[in-house]
Amino acid sequence: MAEIADRYDPSIVESRWYREWEERGLFGADPASPKPPYCIVIPPPNVTGSLHWGHALNNTLQDILIRYKRMDGYNALWVPGTDHASIAVHVLLERQLAAEGKTRHDIGREAFLECAWKWKEESGGTIIRQLKRLGASCDWSRERFTMDPGLSRAVRETFVRLFEEGLIYQDDYIVNWCPSCQTVLSDLEVEREERDTDFVYIKYGPLTLGTVRPETKLGDTAVAVHPKDKRYAKYVGKTLEVPSVEGTITLRVIADSAVDPKFGTGVIKVTPGHDPIDFEIGRRHNLSTRTVIGFDGRMTAEAGKYAGLDRFEARKRIVEDMQQLGLIERIEPYRHSVGLCYRSKTVVEPLISRQWYVNVKPLAEVATKAVRGRRIKILPRPWVKTYYHWMENIRPWCISRQLWWGHRIPAWYCDADGSVHVSRTDLTECPKCGGPLRRDPDVLDTWFSSGLWPFSTLGWPDDTPDLRTFYPTNVLITGPDIIFFWVARMAMLGLHLMDEVPFRDVYLHAIVRDAEGQKMSKSKGNVADPVVVMERYGTDAFRFTLAALAGLGRDIRISDERIEGYRNFANKIWNAARLVLSNLDGFDRALAAKGKPSVADRWIGSRLHATTAAVRKALDAYRFNDAAAALYQFLWNEFCDWYLEIAKRSLYQTEDSIARAVTQRTLVETLEATLRLLHPFMPFISEEIWQRLPHEGPSRPEAARSIMIAAFPKAGRKGRDATAEREMAPVIAVVSAIRTVRSESRILPAAELEVTVRPSPATAKTLKAAAPLIGGLARARVRIAPGAERPPLSAHVVESGVDVFVHLQGVVDVTAERARLGKEIDKARKEIAFLAGKLSRPDFVERAPADVVARERERLGEQQQIEAKLTQSLAGLA
RNA sequence: GGACGAUUAGCUCAGUUGGCAGAGCACCGGCCUCACAUGCCGGGGGUCACUGGUUCAAGUCCAGUAUCGUCCACCA
């Protein structure tokens, strides 16, 4: 046996295995496989991205599931890929150009797109490399990019089909315009932020009204009040001549129920060109529109003397002017929310423009039904309500963007006859008049293509073997922040285009926060690089930490201490393996077959089965933290702390070569199965150790290739050994009891104790057989004596009916021992008082289930015994 | 303005049908015991945010309060 380092060094191991797995083609899936399919499509990270904590968590969880299912006999496919991130990349490139003093218009569309592709080629691989670093077992032969030719064809097909169905249309409507990005945004792309502002009360002739946007006054085409508002009834229908900043203007007074009579003065100015509500009011009342703010965020020629001013500058100036004219009644401080562009954080300007929309209402109804009918299950449950709420209040989805990087809209305009043509193939002349055509310059919302991801990556619109085999996918794992952007759109488009749900389960994981609970963000500067963390603690430790923290539905806070703890866990496993491997010399399975497993052997086997069942159950329910806890607990507290210590006796001390072989076999088999159980969580260390273990049996050459394709342990009912568990319990209890006495009575660990154990009838046989074992584990000479009397000067502990007497003669300070006993007696008396009180209440005794009452009685009896014994012991010390 | 979540040990969090309050870290005491000091053994520590209710029994169910957080929303 070669020397193995006593500290686990992940760096060496990790770099080797990933390459090995990839070269052996272990990540690939085959649609022709007879195994049942299991498929996950990765939430495609942005090409510009680099791995952050959210990705790390997200992809670790996916990899755990994929590895689990792959081992468990499924034809497991994890489809990787990246997203072109239209607006994000576009904005980034424009910033780069701006640094050179240029705009995109200076270099032109073609050159701009070249830059974008170059950028994609250069930085698009970063995140993929980092995913590999994380151990992600994606099928890289199926890697996709949202602007691949195939996926672009899917986008085009979708657009044309929805257009033909009348679900995609153009409309002149009030939109969210970002003056900085120079594009329209969907409602979802507008973030809200609370800001302090001035609430300006302006006199409109006989009326006064409040506004936070005085500059839009220039675009007013009416004044509105609530129809039932008696205060203003007399003005409704009248036309007012009101003095304003540029002389007198005339405004109609209209009644509309959109006005809240209780807010402000109950009067609003109506500016259909620059406010969504006013736009709606304008449509209802046939009001004209005045556009006073342009796409550049500056006042237009319509704004008269304010033309050319920035909108915020104009706001200041107009207030000053009105103050001079005495048109301002008062100004109050006010806090309200403003809309910001999610990319540039610029204040969004509502403007009227012609855009493409998807009428998502009918799609949303189907997508809602799919969740109601549990064809899609969303976890954690509370998100279901959020999903319904959004779906039920859904508004048309604005899909066109005035950007260059993205899927160009397949629509052509004929200026000669004014016709619009949407086509699967590029058009060169007008199909109606043969005249020249102009292609729509805009591109699609980046989420339009990602909405097709679960089937476009599998080959749609073609009917491919992949698509037939792997759609619908089994589960989508993503963060709740993109439930509307992405999850909802996939549900709608998948159901519409494929007539089947895109995924059966949706698992929305927690948001990763730092140790202080701050959301990790670049602007806060609290983002540690996960790659650095992986390098410091090892990828396995990092992955295990994420899994251990991934409780259902909660933010998770991550700290170095926690990761360090699981780094230690990895080291613990390493050393357990070291112990096993260094004691396998001469291991002979045939010899082992001649012997009978000991109670401890059967016990650890039973515990392993219990752990297997727990891990499976937890993973099937996406309770990753439960699975991690079960593994941690079993490996450390049962396998290392108890079984290995027991096994050492057989390995080091016994003359019995058969017993030794049996122990060796248990060690190998338990460790081997545990590693398979652990592999989805800690792929590297599990493979490294597994490869060093002896593998035998008929399927050896195939099975020993990699733990990745070894079978995930099964949890059959027969695996549990209730007898062994029942027999080990008193052994563990007695050892612990002796150790506690040793520690509390300040007896040196090296001192060998004299112990008398008086077993209960049920434990007599077991304890008798286990006496040498107990003695070895507790460093004591143990005498099992049914009916023994308490020896003089001894400590007495009762553990589940077993009396443990530790002889203190000559090893202990009697005064300290007396004090300790006094405390113990107090404790027992308190417990007796509590239980006796409970049991003397007739309501409890009569109404609680019999077993509950019986248990409490039993506890009372135990405590009374303990109290009596302790009192006796104390007397013995006198 | 709505919806949802959280509040349990010093810290971070588990606690799935109501039935003996748990883990990791930190802390205290003792150990370099031939796998591991990234370790071993033992220990202390909680009015389960607050108020009421249901129940024999509530961290768990119900109502309300407070604080924090998230999402949604066209009150100008």
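FYI, side chains are in, hydrogens and waters are out, and symmetry mates aren't considered; it's all heavy atoms of this structure. Quick caveat: nothing in here was measured; it's all calculated off a predicted structure.
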**Report entry** Nucleotide B:rG42, atom P - distance to CZ of A:Arg739 in whole Å
**Finding:** 5 Å
Quick one: which protein N/O atoms are closer than 3.5 Å to N/O atoms of nucleotides 33-37 of chain B? Pair and distance per line, please.
unit_1, atom_1, unit_2, atom_2, d
B:rA35, OP2, A:Tyr652, OH, 2.2
B:rA35, O3', A:Arg578, NH2, 3.0
B:rA35, O2', A:Asn575, OD1, 2.5
B:rA35, O2', A:Arg578, NE, 3.1
B:rA35, O2', A:Arg578, NH2, 2.5
B:rA35, N7, A:Lys648, NZ, 3.1
B:rA35, N6, A:Glu645, OE2, 3.1
B:rA35, N3, A:Asn575, O, 3.1
B:rA35, N3, A:Ala576, N, 3.4
B:rC36, O4', A:Asn575, OD1, 2.8
B:rC36, O4', A:Asn575, ND2, 3.4
B:rC36, O2', A:Asn571, ND2, 3.3
B:rC36, O2, A:Lys572, NZ, 3.2
B:rC36, N3, A:Lys572, NZ, 2.8

Query raised in the report: Within the structure shown, what part of the strands sits under 4.0 Å from A:Phe484 by heavy-atom distance: base, sugar-phosphate, or nothing?
Result: sugar-phosphate
Query - Closest to the A:Trp636 side chain, choosing from B:rG43, B:rA76, B:rC40 - result: B:rC40
Query raised in the report: Closest to the A:Phe844 side chain: B:rC56, B:rG43, B:rG39?
Result: B:rC56
Report task. For A:Tyr334, report the nucleic acid contact type (base, sugar-phosphate, nothing); a contact means any heavy atom under 4.0 Å. Result -> sugar-phosphate
**Report entry** Touch class at under 4.0 angstrom, heavy-atom based, for A:Pro849 against every strand present
**Finding:** base
Query raised in the report: Under 4.0 angstrom, heavy atoms only, what part of the nucleic acid is A:Arg567 near: base, sugar-phosphate, or nothing?
Result: base
Report task. Please work out if A:Gly264 contacts a base, only the sugar-phosphate, or nothing of the nucleic acid, heavy-atom cut-off 4.0 Å. Result -> nothing
Report task. Can you sort out the partners of A:Ile482 under side-chain contact (heavy atoms from CB on, under 4.5 Å), two or more places apart, ordered by chain and number? Result -> A:Trp447, A:Thr478, A:Phe485, A:Trp486
Query raised in the report: Salt bridge check: are A:Arg746 and A:Glu744 linked by an N-O gap of less than 4.0 Å?
Result: no
Report task. Considering only atom C1', compute the distance from B:rC68 to B:rA49 and round it to an integer number of Å. Result -> 11 Å
